[in-house]
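Worksheet: the structure to be examined is printed underneath.
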There are 2 protein chains.
Amino acid sequence: MIREFFLGFIKIHTLYHASKGGICGIEIIKELKRHGYAVSPGTLYPTLHALERDGYLKSRMLVIHGKRRRYYKATKKGISVLKKSRERLRELVEEVME
Amino acid sequence: MIREFFLGFIKIHTLYHASKGGICGIEIIKELKRHGYAVSPGTLYPTLHALERDGYLKSRMLVIHGKRRRYYKATKKGISVLKKSRERLRELVEEVME
DNA sequence: ATCATGATATCGCAATCCGATATCGATATA
DNA sequence: TATATCGATATCGGATTGCGATATCATGAT
């Protein structure tokens, strides 16, 4: 049940970090794991691709410690969507929080 | 983007009302519409069936104003899941709200 | 050159979304 | 009694998504 929300939070979370210095797939997976949530690569990477395809993220390959990592930064569109999503989210949550 | 959260809220919303006196499909559709969200019958009814199949809701047919309506009440399991979901949800939201 | 490793990408099946359509039963009308 | 109408629920089918498992791929080490 809470899983459905969580899947949405992956996107907001990603946008949030991508709006502050950039983030890559493996970092997201590890960070979410610290918070107690598991997300598989088969879920995450297609999600990142979709966010980029839709113009919310822009990526480039970097080599860190000899490993290729695709780092994502939020676009203007991405930042604007992040803001709006947070507002709507707050409304929806207050609705069910009594 | 926000749509994903919304689809989760349909369930929590339903559980919430089902835990306080019962609710039926058409009422959910209308109430969500008041809040500015559209949910089609093809989405809602299978969702209700799944919630009942999984033991969160219990339904019975009533005749109201000469019309058949299937009213749902939350089970103990449903109420317990509702509580837990709200807690986890609150955590997740605070995480991205900065 | 080859290998091991970490990271990303993709495959395939199952589940979900949702517009459109069908069904169903109760009342009104005749 | 028959049937027409209407509100509400149920289902169909194509597109999309979730995700475990697997493949790919570039880099640094041996």
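All heavy atoms count here, side chains included; hydrogens, waters and symmetry mates do not. A note on names: the letters A, B, ... follow the listed sequences, proteins ahead of strands, and every chain is numbered from 1. If you're wondering where the values come from, they're calculated on a predicted model, not measured in any experiment.
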Worksheet item: In whole Å, what is the span from the CG atom of A:Leu7 to the C1' atom of C:dT16?
Response: 12 Å
Item to complete: Can you measure from CG (B:Leu7) to OH (B:Tyr37) and round to the nearest 0.5 angstrom?
Response: 11.0 Å
Worksheet item: Would you find a donor on one side and an acceptor on the other, under 3.5 Å apart, between the side chain of B:Ser80 and the backbone of B:Lys76?
Response: no
Item to complete: Measure from the side-chain N and O atoms of A:Arg86 to the backbone N and O of B:Val96, and report whether any donor-acceptor pair falls under 3.5 Å.
Response: yes
Worksheet item: Does one hydrophobic cluster hold both B:Leu44 and B:Leu62, with members joined at side-chain heavy-atom distances below 4.5 Å?
Response: no
Fill in: Distance-only polar pair, side chains of B:His17 and B:Glu27, donor-acceptor under 3.5 Å
no
Worksheet item: Between atom CG in B:Leu32 and atom P in C:dC17, what is the gap in whole Å?
Response: 14 Å
Can you give me the N/O atom pairs linking the protein to nucleotides 12-14 of chain C at distances under 3.5 Å, or say none if there are none?
none

Worksheet item: Do any N or O atoms from the side chain of A:Thr75 and from the backbone of A:Gly55 form a donor-acceptor pair under 3.5 angstrom?
Response: yes
Worksheet item: Counting N and O atoms only, with roles assigned by atom type, does the side chain of B:Lys11 sit under 3.5 Å from a partner on the main chain of B:Leu51, one being a donor and the other an acceptor?
Response: no
Practice prompt. Give the C-alpha distance, both sets of side-chain angles, the deciding distance and a yes or no for side-chain contact (heavy atoms from CB on, under 4.5 Å) between A:Ile26 and A:Lys67.
Written response: CA-CA 11 Å; A:Ile26 196 70; A:Lys67 298 299 162 193; over 6 Å; no
Discussion item. Could you check whether atom CZ of A:Arg60 has more than 12 heavy atoms from other residues, nucleotides or ligands sitting under 6.0 Å from it?
Written reply: no
Worksheet item: When the distance from CZ of B:Arg70 to C1' of C:dA26 is rounded to whole Å, what number comes out?
Response: 16 Å
Discussion item. Does A:Lys73 have more than 12 heavy atoms from other residues, nucleotides or ligands lying within 6.0 Å of its NZ?
Written reply: yes
Worksheet item: Has A:Lys84 got more than 12 heavy atoms of other residues, nucleotides or ligands less than 6.0 Å from its NZ?
Response: no
Worksheet item: Is there a residue in residues 57-69 of chain B whose heavy atoms reach under 4.0 Å of DNA chain D, and which residues are they?
Response: B:Lys67, B:Arg68, B:Arg69
Worksheet item: Near DNA chain C, under 4.0 Å by heavy atom, which residues of residues 18-28 of chain A?
Response: A:Cys24, A:Gly25, A:Ile26
Worksheet item: Expressed in angstrom and rounded to an integer, what is the separation of A:Phe6 atom CZ from D:dT17 atom P?
Response: 18 Å
Item to complete: Go through residues 42-53 of chain A and report each residue with a non-hydrogen atom lying under 4.0 Å from DNA chain C, sorted by number.
Response: A:Gly42, A:Tyr45, A:Pro46, A:His49
Discussion item. Checking A:Tyr45 against A:Ile28 for the side-chain contact (heavy atoms from CB on, under 4.5 Å) test, could you report, in this order, the C-alpha distance in whole Å, the side-chain angles of both residues, the deciding distance, and whether it holds?
Written reply: CA-CA 10 Å; A:Tyr45 288 105; A:Ile28 297 172; over 6 Å; no
Worksheet entry | Residues which pass side-chain contact (heavy atoms from CB on, under 4.5 Å) with B:Arg53, listed by chain and number, not counting sequence neighbours | B:Ala50
Worksheet item: For DNA chain D, what is the dot-bracket line, given that a base pair needs Watson-Crick (N1 to N3, plus N6-O4 or O6-N4) or G-U wobble (N1-O2 and O6-N3) geometry with both distances under 3.5 Å, and | means paired with another strand?
Response: ||||||||||||||||||||||||||||||
Worksheet entry | Flag if over 12 foreign heavy atoms under 6.0 Å of NZ, A:Lys77 | yes
Worksheet, complete the sentence: Nearest heavy-atom contact between B:Phe6 and B:Ala38 is CE2-O, 3.9 Å
